[in-house]
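Scroll down for the structure; my scribbles are underneath it.
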2 protein chains.
Amino acid sequence: MSRLNLTTQRKAILDLVQSCEDHPTAAEIMERLRMNGHQFAYGTVYNSLRYLTDAGLIRELKLGETASRYDGRTEDHYHIVCKKCGRVDEVLSAPPADWIREVAAKTNYDVHHSQVVFEGVCYSCKHPNA
Amino acid sequence: MSRLNLTTQRKAILDLVQSCEDHPTAAEIMERLRMNGHQFAYGTVYNSLRYLTDAGLIRELKLGETASRYDGRTEDHYHIVCKKCGRVDEVLSAPPADWIREVAAKTNYDVHHSQVVFEGVCYSCKHPNA
DNA sequence: AATTAAATTTATACTAAGTCTAAATACTAC
DNA sequence: GTAGTATTTAGACTTAGTATAAATTTAATT
């Protein structure tokens, strides 16, 4: 682990991701950077996203779509995806420790981490004319 | 939903996936089919895997790698991936219903399904010289 | 059994997301 | 200021998967 090196590009990308209410893909990040007057090389954006992810400053979300999404919230949390509209919301309740212990015991693994993606239908899609 | 139509190709692919102890990718499935003397078009394998998945005969696993994996076990279950060796094991304990209810209440979603991928270190990697 | 219609397979072109590479640029330490 | 390292850039390349159009198979109708 070496010292954190936030270049202009990395800083701009970090700021952008942290300012997002949603969970943009790399392509969406590039688009928003361009709208803010930045124009970085394609590879630089991917490089920086990986660097920032490795540094623990942002999170990469793999929600089962083709592209990864990025999240400026670094606390441990999960996500729920609406099957109808594709919207993604945060889930802050952690899986019960009992369950994790049970899984560790049954599988003989040291469990370090879990990714959970819930799928369902969001409030707006349930009540279309509210 | 129309009647199930298991062509020669689909049947061979279903048989193969069901006979696997592991969770092969589409590329691995093609390779194993070839070893069994089958030679199907590239697109047919993808088509068939989707067909079989939609029919509920196999499952598509998105474990955060670049390629999907396929699983002949159709009961509801989850997976745990070893960070060291990449091995994937089954997790048969379901997440506690209380937790799911809590998530549904907090997010205002109807929760239909959850995908859970645990990450950790498997027994063999923990005890390298056993 | 021959004819038509529908579904499926095949081969191949294409797309999307991301990685790799080599040259150019920027930063750091002396 | 110069040498050395790290980063950015542009663009080629890779991987996984989708789309398309022609050929083949299967099923239904007569």
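Chain A is the first sequence line, chain B the second, and so forth, proteins listed ahead of strands; every chain is numbered from 1. What you see below is based on every heavy atom in this structure, not just the backbone, and it leaves out hydrogens, waters and symmetry mates. Keep in mind it's a predicted model, so treat the numbers as computed, not measured.
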Between [atom2] on [N] and [atom1] on [X], what's the gap in Å once rounded to a whole number?
X	N	atom1	atom2	answer
Leu63(A)	dA17(C)	CG	C1'	15 Å
Arg69(B)	dA16(D)	CZ	C1'	13 Å
Asp54(B)	dA7(C)	CG	P	16 Å
Leu6(A)	dC27(C)	CG	C1'	14 Å
Lys11(A)	dT8(D)	NZ	C1'	19 Å
Arg3(B)	dA6(C)	CZ	C1'	14 Å
Met30(A)	dT9(D)	CE	P	12 Å
Leu4(B)	dA7(C)	CG	P	15 Å

| request: Tell me which nucleotide among dG18(C), dT9(C), dT8(D) gets nearest to the side chain of Ser68(A). | output: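 The answer is dG18(C), which lies nearest to the side chain.
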
| field | Nearest-nucleotide pick for Thr66(A), side chain only, options being dT9(D), dA17(C), dT8(C) | value |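 For the Thr66(A) side chain, the nearest candidate turns out to be dA17(C).
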
| said: Ile13(B) vs Phe40(B), test: side chain to side chain contact (heavy atoms under 4.5 Å, CB included). Steps then yes/no. | reply: CA-CA 10 Å; Ile13(B) 291 168; Phe40(B) 304 142; 4.2 Å; yes

| query | Where is the tightest heavy-atom contact between Ser93(B) and Lys106(A), given as atom of each residue plus distance? | reply |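 That would be OG-NZ, 3.6 Å.
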
| query | Can a side chain N or O of Arg10(B) be found less than 4.0 Å away from OP1 or OP2 on dT9(C)? | reply |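 Yes, such a contact exists.
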
| said: Whether Gln9(A) contacts dA26(C) is assessed here as follows: a side-chain N or O lying under 4.0 Å from the phosphate OP1 or OP2. Is that the case? | reply: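 Checking Gln9(A) against dA26(C): no side-chain N or O falls below 4.0 Å of OP1 or OP2.
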
| Residue from His77(A), Arg59(A), Gln18(A) passing side-chain hydrogen bond (donor to acceptor under 3.5 Å, both in side chains) with Asp71(A) |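 Of His77(A), Arg59(A), Gln18(A), side-chain hydrogen bond (donor to acceptor under 3.5 Å, both in side chains) with Asp71(A) is met by His77(A) alone.
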
| task | May I have the step-by-step check of side chain to side chain contact (heavy atoms under 4.5 Å, CB included) for Arg32(B) and Ile29(B), ending in yes or no? | result | CA-CA 5 Å; Arg32(B) 293 179 197 184; Ile29(B) 290 168; 5.9 Å; no

| said: Just checking Lys11(B): does its NZ atom have more than 12 heavy atoms from other residues, nucleotides or ligands closer to it than 6.0 angstrom? | reply: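 No, NZ of Lys11(B) has 12 or fewer neighbouring heavy atoms, counting only those of other groups under 6.0 Å.
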
| task | List in numerical order all residues of residues 35-47 of chain B for which some heavy atom is under 4.0 Å away from an atom belonging to DNA chain D. | result |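 Only Tyr42(B), Tyr46(B) qualify.
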
| Is it the case that Glu28(A) and His23(A) place a side-chain donor and acceptor less than 3.5 Å from each other? |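 His23(A) and Glu28(A) do not have a side-chain donor-acceptor pair below 3.5 Å.
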
| Straight-line distance of Cys20(B) SG to Ile58(B) CD1, nearest 0.5 Å |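 Output value for this atom pair is 10.0 Å.
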
| query | When the nearest nucleotide of DNA chain D is assigned to Asn5(B) and to Thr25(B) on a heavy-atom basis, which residue is associated with the more 5' position? | reply |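 Its nucleotide being nearer the 5' end, the pick is Thr25(B).
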
